[in-house]
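Okay, structure first, notes after.
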Amino acid sequence: MNQKQKKYHEKLKQPVAWVGKMKDDKDWRWASTHKPSVEDVYDIVEPVFLEDE
């Protein structure tokens, strides 16, 4: 793996966004790249990745 591929691969491990929902909701409501702003509003917060492993 060259340097560029390595950098890209590392990036894939980082969440690209965060989704939030209230504990009574069945659907995810909101996504943001800024985790604290999602945590302020919603009960459940989960990371979103570019690729699933």
Side-chain angles (χ1 to χ4, degrees):
M1 213 184 309
N2 68 28
Q3 202 59 35
K4 204 172 202 174
Q5 287 172 314
K6 206 176 242 175
K7 203 171 183 181
Y8 178 71
H9 200 71
E10 282 304 305
K11 214 171 218 164
L12 289 181
K13 292 181 189 167
Q14 302 294 318
V16 289
W18 300 88
V19 289
K21 69 176 179 179
M22 297 310 231
K23 51 184 177 288
D24 302 330
D25 291 344
K26 60 181 190 296
D27 298 322
W28 292 100
R29 294 285 178 136
W30 195 57
S32 173
T33 53
H34 190 60
K35 186 184 181 191
S37 59
V38 182
E39 287 177 321
D40 286 349
V41 182
Y42 293 98
D43 298 329
I44 305 160
V45 175
E46 283 193 11
V48 178
F49 297 93
L50 279 176
E51 283 183 5
D52 288 331
E53 288 166 40

(Q) With rounding to the nearest 0.5 angstrom, report the NE2 to CG distance, H34 to D40. (A) 8.0 Å

Q | Nearest non-hydrogen partners of L50 and V16, listed with the distance | A | CG-CG1, 3.3 Å

Q: Working to the nearest 0.5 Å, report the span between NZ of K13 and CZ of F49.
A: 11.0 Å

Q. Got M22 and Y42 here, is their nearest side-chain heavy-atom distance under 4.5 Å?
A. yes

Q) Does the side chain of V38 come within less than 4.5 Å of S32's, by heavy atoms? A) yes

Q. Is any side-chain N of the basic residue among K7 and E10 closer than 4.0 Å to the acidic one's carboxylate O?
A. no

Q: Check whether more than 12 heavy atoms from other residues, nucleotides or ligands sit under 6.0 Å from atom CD of Q3, and answer yes or no.
A: no

Q | Heavy-atom closest pair, residues V45 and W18 | A | CG1-CE3, 3.9 Å

Q | Shortest non-hydrogen separation from K21 to K26 and the atoms involved | A | NZ-O, 4.2 Å

Q) Quick one: CG on D24 to CG on D43, what's the gap to the nearest 0.5 Å? A) 7.5 Å

